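First comes the structure, then the notes that go with it.
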Protein chains: 2
Amino acid sequence: MSSTRDALMDRAEFYIRTGGYSSFSFRDLAKDLAIKSASVHYHFPTKTDLGTAVMQRYNDRFKAALPDPSLTTLTAPEHVRHYIMMFYTEMMQNQSMCLCAVLSVEQMLLQPALTDSVDAFYTLNLDWLTSVFQLSPQPALPKAQAVQRATQVLATLQGALIGASARTEADYFIMAAKALYKDLFGKDLRFPSTH
Amino acid sequence: MSSTRDALMDRAEFYIRTGGYSSFSFRDLAKDLAIKSASVHYHFPTKTDLGTAVMQRYNDRFKAALPDPSLTTLTAPEHVRHYIMMFYTEMMQNQSMCLCAVLSVEQMLLQPALTDSVDAFYTLNLDWLTSVFQLSPQPALPKAQAVQRATQVLATLQGALIGASARTEADYFIMAAKALYKDLFGKDLRFPSTH
DNA sequence: GTCTATACGGTGATAGAC
DNA sequence: GTCTATCACCGTATAGAC
């Protein structure tokens with residue numbers, strides 16, 4: 001069932017999240033899969049097509065992992081803890097940054113189809129975080145404050161992933177995330193011990 | 001005197017902070033200054049030379065703007081407020097992100113000389129922020145907590161600049177910065193009104 | 001689906017004249 | 001300092017055979 005297509009997207013996602021959109025070529029992908037670059041073009045006619053598919057799949061993963069806060073019994077601290085751990089886990093698996101943050105940096109290089117899917121990530125995540133802060137008990141913030149919190153959370157996590165990647169130091173992310181979580185809920189966030 | 005050199009660095013910094021290291025070529029710079037790309041190579045033999053010079057100048061600007069906390073009478077909230085406003089002002093001037101964050105994302109593309117100067121930015125800023133949280137009265141945190149705070153601050157601001165740039169919405173940065181500042185010091189951070 | 005072959009523009013970089 | 005001219009290379013992308 002054309003697993004070549006999936007493998008190509010996997011490699012592309014890895015390259016982008018590790019060194020940016022310009023850090024790989026169709027020839028690189030071809031070499032990785034031991035095929036020719038013309039075959040890559042068969043699956044994705046243009047690089048924009050490939051990038052967009054990768055970004056959309058990323059959005060879908062997040063969408064699937066973000067439960068409607070009004071349909072669960074989880075509290076805001078629990079929701080946010082899962083959210084942070086999702087970023088953390090992906091980082092630990094391959095030293096990579098947030099796909100959306102990387103593509104945001106290279107915005108000017110990208111064609112509209114791709115920037116649109118980047119925008120969709122912001123909307124999806126900010127809306128979800130906002131509703132978490134609005135709906136869940138304990139804090140139950142008014143809209144304006146909830147939006148502010150949502151923005152703070154996303155900015156901090158994306159920035160923390162970039163710093164952790166640059167310094168090849170997972171602790172950079174952990175420190176930022178712990179401080180953030182403590183500020184949000186007054187509770188300590190625990191990470192699986194690193195060694 | 002060679003103001004061509006400065007003009008080249010200005011343009012390069014703009015391009016990088018707007019769309020990344022790969023978003024411009026020596027020919028772009030040449031066109032902007034109405035000269036030829038060979039003349040650009042006269043001032044900066046390689047692109048790495050240019051990038052490194054730009055990054056080092058950026059570091060120097062920060063170094064000059066960060067007063068030794070033990071030699072001033074400023075409190076931690078005042079220091080951090082100035083620090084945040086420095087990022088904010090640069091963002092407002094040309095819709096640009098933090099040079100260090102951008103180059104961090106494209107790390108894998110860069111040669112050692114350039115990544116070294118990116119590392120220097122992290123060290124400079126984290127050390128300064130840490131000493132602010134360690135030395136200034138009011139909070140006066142122990143080392144480990146001060147480092148955590150420093151990391152949180154840098155990550156949040158870099159992430160906030162990226163989000164603001166992607167969404168072309170200065171308010172994104174303002175919201176993240178306000179929430180952060182309130183958490184740090186319990187005080188509201190005020191920005192010059194946007195309209 | 002994958003291949004060979006190839007077009008074509010852009011890129012960093014250099015030699016040497018003015 | 002700036003130019004013309006040129007280089008080798010790498011990028012995305014396509015045509016057409018198998």
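Chain naming here is simple, since letters A, B, ... match the order of the sequence lines and numbering starts at 1 in each. Note that the structure is predicted; figures quoted are calculated from it, not measured.
Heavy-atom distances under 4.0 Å link DNA chain D to no residue of residues 102-118 of chain B. Listed by residue number, Phe24(B), Ser25(B), Phe26(B), Arg27(B), Ala38(B) are the residues of residues 23-38 of chain B with a heavy-atom contact under 4.0 Å to DNA chain C.
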**Asked** side chain to side chain contact (heavy atoms under 4.5 Å, CB included) between Val118(B) and Met55(B): does it pass, once the steps are laid out?
**Response** CA-CA 7 Å; Val118(B) 173; Met55(B) 187 70 223; 4.1 Å; yes
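Taking 4.0 angstrom as the limit, Tyr42(A) places none of its side-chain polar atoms (N or O) nearer than this to OP1 or OP2 of dT2(C). Contact annotation: Thr46(B) does not reach the phosphate of dG12(C) (side-chain N/O to OP1 or OP2, under 4.0 Å).
For Glu169(B), there are no side-chain hydrogen bond (donor to acceptor under 3.5 Å, both in side chains) partners, not counting sequence neighbours. For Ser70(A), the side-chain hydrogen bond (donor to acceptor under 3.5 Å, both in side chains) partners at least two apart in sequence or on another chain are Asp68(A). For Asp49(B), the side-chain hydrogen bond (donor to acceptor under 3.5 Å, both in side chains) test picks out Thr46(B), with sequence neighbours left out.
Note: Phe191(B) and Phe173(B) have perpendicular aromatic rings, judged against thresholds of 30 and 60 degrees for the angle between ring planes. The aromatic rings of Phe121(A) and Phe62(A) stand perpendicular to each other, their planes meeting at an angle above 60°, with 30° marking the opposite boundary.
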Side chains of residues 99-108 of chain A: which donor-acceptor partners sit under 3.5 Å, not counting sequence neighbours?
from      : atom 1 : to        : atom 2 : distance (Å)
Ser104(A) : OG     : Cys100(A) : O      : 2.7
Ser104(A) : OG     : Tyr122(A) : OH     : 2.8
Glu106(A) : OE1    : Tyr21(A)  : N      : 2.6
Glu106(A) : OE2    : Tyr21(A)  : N      : 3.3
Glu106(A) : OE2    : Ser22(A)  : N      : 3.4
Glu106(A) : OE2    : Ser22(A)  : OG     : 3.1
Gln107(A) : NE2    : Ser165(B) : O      : 3.2
Gln107(A) : NE2    : Ser165(B) : OG     : 3.4

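Checking dT2(C), dT2(D), dG12(C) against every side-chain atom of His41(B), the shortest atom distance belongs to dG12(C).
Between the C1' atom of dT2(C) and the CZ atom of Phe44(A) lies a distance of 16 Å, rounded to the nearest Å. Distance CZ (Arg5(A)) to P (dT2(C)): 13 Å, rounded to an integer number of Å.
Checked against the 6.0 Å centroid criterion, the rings of Tyr83(B) and Tyr88(B) do not qualify as a close aromatic pair.
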